[in-house]
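Proteins get letters first, then strands, A, B, ... in listed order; numbering begins at 1 in each.
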Amino acid sequence: MALRTEPFVLNIGPQHPSSHGLFRLEVTLDGEVVTGLELVLGYLHRGIEKLAEGRTYIQNIPLTDRLDYLASMTNNFAYVLAVEKLAGIEVPERTEYLRVIMAELMRISSHLSFIGFLLNELGAYFTPLFYMFREREKILDLFEMVCGQRLTYNYMRIGGVSQDIPEEFLPAVKRFVAEMPRLVDEYEQLLSGNEILLARTKGVGILPRDKAINASASGPVLRASGVKWDIRKVDPYSVYDRFDFEVPVGSVGDVYDRYWVRVSEMRQSVRILEQALKQLPKGEVWTKVPGLLRPLRGEVYGHIEGPKGELGFYLVSDNSIAPYRFHIRPPALLNLTALKDMVVGWKLADAIVIFGSLDTVLGEVDR
Amino acid sequence: MTLIGQFRDWLINFMPEWAAYIVAFLVGVVAIIAFVLVMIIVFIYLERRLIGRFQVRLGPNRCGPEGIFQLIADSIKLLTKEDIVPAKGDFWVHFLAPIVTFAPALMVFAVVPFHKGVVLTDLDVGILYVVAISSISVVGIYMAGWGSNNKYSLIAALRAVAQAISYELPVVMAAVGVILIAGSLSLSKIVEAQTIPFFLLQPLGFFIFLLGSMAEINRSPFDLLEAESEIVTGYNMEYSGMKFGLLYLSEYGHTLAASCIITTLFLGGWQGPLLPPFLWFLIKVLLVFFVFLWVRSTVPRLRVDQLMAFAWKCLLPMALINLLLIGAQVLWFPKALPWGMMVVNFAVAGILILLWSRLFALGGGRVEV
């Protein structure tokens, strides 16, 4: 006789060590097996999209820092690109290179914290996290040199960057770029061949290619499922068309592929950095932009390949000093929509790991 | 004659025989509790500092020189905290759970020989006693999980029971190998029988016992019942104040007990050249603890079904093979040189571990719902 069992509803979050912010996963369990999953979002909602409609274009840059707070530089980048597209502003070449350098450093930093947190969720009691943060710290030191901030940079401005790099920046970033490939190898040695890590990630939480496309997933999550889609390649912005780099693509779409894609992307980012540092021209970092920018009536969608996926800004101008509509396409939110397909049927421990493998930052999801 | 026995005989000169028995044992018990508590403090301090080193940071270093008073500060904090019982929890179960968990950790030390003759009671069924007592603590953990009326705690409690039942078997099987060679269940006799440490004579048994003990005391990678990233801290989630302190102490108490038992069964106990025996015992215990620490700070955690598969598909068959092998060697080649046995057993251990790592992958686990 089969025992009568009742479904067991477990609220993971909003306060939970693995919730990456404020977020609730309403999980229905049968023993340890996840049979149902409900996402409860909105705990971190600050109304950034509405707030932005009451501020000038320049005042909105700090707001974008607070979206994905582990990759503020790229948020700035996406926003100023969209505004420049809207107002038709050309920026000096040196600025373009500086922006690419910052964006790629930010990508490495974001992927480092992803790997650290993923391993933490796999249960590797903080050790990988601290090693990753050791390198992230170096990148934050670099950012501190150029803009004085370590978390919310507000570095990129419409028509330029807030200031030119100090003279100690270039030697420091060259040192970092020189030692980073060796460190990535070291991490791979420690992690990628670990039997327990393989057992926990290989084949777990598979997101098939068609489902990934259907959920409009983007970034490493989409590439891990085998779709070669990188905005830097398919719609090159800034000066990305001048660099030689590859787009790593996974084969299965499991947690391991998502981990592997990010590790490989760090190597590619280092390659881009090497080339950008070599080509970095001299010159101005500013173009003249009026303090109160009034773009002509119109609308624009600017998108970049952020560390977490396609980060887009949709701006509508009514020829006033503030955007009429300010809409964000947050990659983390759209990647999250595929979570249910991946998690159901796996164990509770896997649900946490699969959620972690999406690299969600709730500041971006709830806005 | 044990040290306690001599002390008792000396006491009989001053008081009636029954009083001498009681006083002698009380003194022994107090000494052992003092030893255990001091060692737990040392363990917690070492764990924090060493894990700090493993994780490229410093670890606690503010309270006193090199942070040695950190634990005292923490204890004072725990003692002054409010004791909260969940409103819908089962008060008595919640109240008794830390005691039921902590008492077995202390009771194990009654039979651990620290030196020749320095043992509280030299039980003839020492190993049996250790196995029986140490498995009681899981009842305490289950009580903690049940009495808290918390879903995370309940999951942890169920995991604890499954884990304890599964890993008890290979651990006992590995211990039987030791008994076969030593020819006794008494821990003192086992130590005396180890002219060569037993982990050289039966490496496979040693590995199984080590891994099984890690699972029994819930150290990473088998720390499923306090899996912080999944079920927050599991069974001790709803505990505060000194009740939490007691659960925390019992965790380290069991770690200490496991280190002592591994030292006694496989590493030659207090035996060793040059240094005094008690020091040898301490060094070996700390060495085993260091291995626990090392593993904890390096590897990720297993999933619950993989944990079960590892116990039933890997450790148990290997423990049975080890038992057969040792049995055959003791029965048919009792005169065989230990060196011959050593070579054969190391070869068998290597082949088996290679074979199992090829044959059994720990993947899978998806259920259609």
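For B/F207, the CZ atom is loosely surrounded, since the number of other residues' heavy atoms within 6.0 Å does not exceed 12. Under a cut-off of 6.0 angstrom, the local environment of CD in A/E38 is sparse, with at most 12 non-hydrogen atoms contributed by other residues, nucleotides or ligands. More than 12 non-hydrogen atoms from other residues, nucleotides or ligands lie less than 6.0 angstrom from CZ of A/R150. Atom CD of A/Q15 sits in a sparse spot, with 12 or fewer heavy atoms from other residues, nucleotides or ligands closer than 6.0 Å.
Only the side chain of A/F8 comes within contact range of chain B, judged by heavy atoms closer than 4.5 Å. Proximity to chain B (any heavy atom under 4.5 Å) is restricted, for A/L348, to the side chain, taken from C-beta onward. Within the 4.5 angstrom heavy-atom criterion, only side-chain atoms of B/I51, from C-beta onward, approach chain A. For A/L29, the part lying near chain B is the side chain, with the backbone staying farther off; criterion is any non-hydrogen pair under 4.5 Å. Only the side chain of B/V304 comes within contact range of chain A, with heavy atoms under 4.5 Å apart. Proximity to chain B involves both the backbone and the side chain of A/L197, based on heavy atoms less than 4.5 angstrom apart. With a 4.5 angstrom heavy-atom cutoff, A/N11 touches chain B only via backbone atoms. In this structure, chain B has a heavy atom under 4.5 Å from the backbone of A/N120, while its side chain stays farther away.
Separation of atoms CZ (A/R200) and CG (B/L302) is listed at 7.5 Å; rounding is to 0.5 Å. Rounded to the nearest 0.5 angstrom, B/Q306 CD and A/K347 NZ are separated by 9.0 Å. Of the inter-residue distances, the one linking B/K151 atom NZ with A/L10 atom CG reads 6.5 Å to the nearest 0.5 angstrom.
B/R159 has a carboxylate O that lies under 4.0 Å from a charged side-chain N of A/E32, or vice versa, which qualifies the two as a salt bridge.
No side-chain heavy atom of A/I196 sits less than 4.5 Å from a side-chain heavy atom of B/R301. A 4.5 Å side-chain heavy-atom check between B/R303 and A/W346 finds at least one atom pair inside the cut-off. Using a 4.5 Å heavy-atom threshold, the side chains of B/Y152 and A/H16 count as touching.
Under a 3.5 Å cut-off, the side chain of A/T127 and the backbone N or O of B/Q55 do not form any donor-acceptor pair.
Here B/I155 is the residue among B/D223, B/I155, B/I231 with the most heavy-atom pairs under 4.5 Å with chain A. In terms of heavy-atom pairs under 4.5 Å with chain B, the best-connected choice from A/G356, A/A349, A/G123 is A/G123. If you tally non-hydrogen atom pairs under 4.5 Å between each of A/V353, A/L119, A/I12 and chain B, the highest count goes to A/I12. Between chain A and the residues B/L158, B/V232, B/L154, the most heavy-atom pairs under 4.5 angstrom are made by B/V232.
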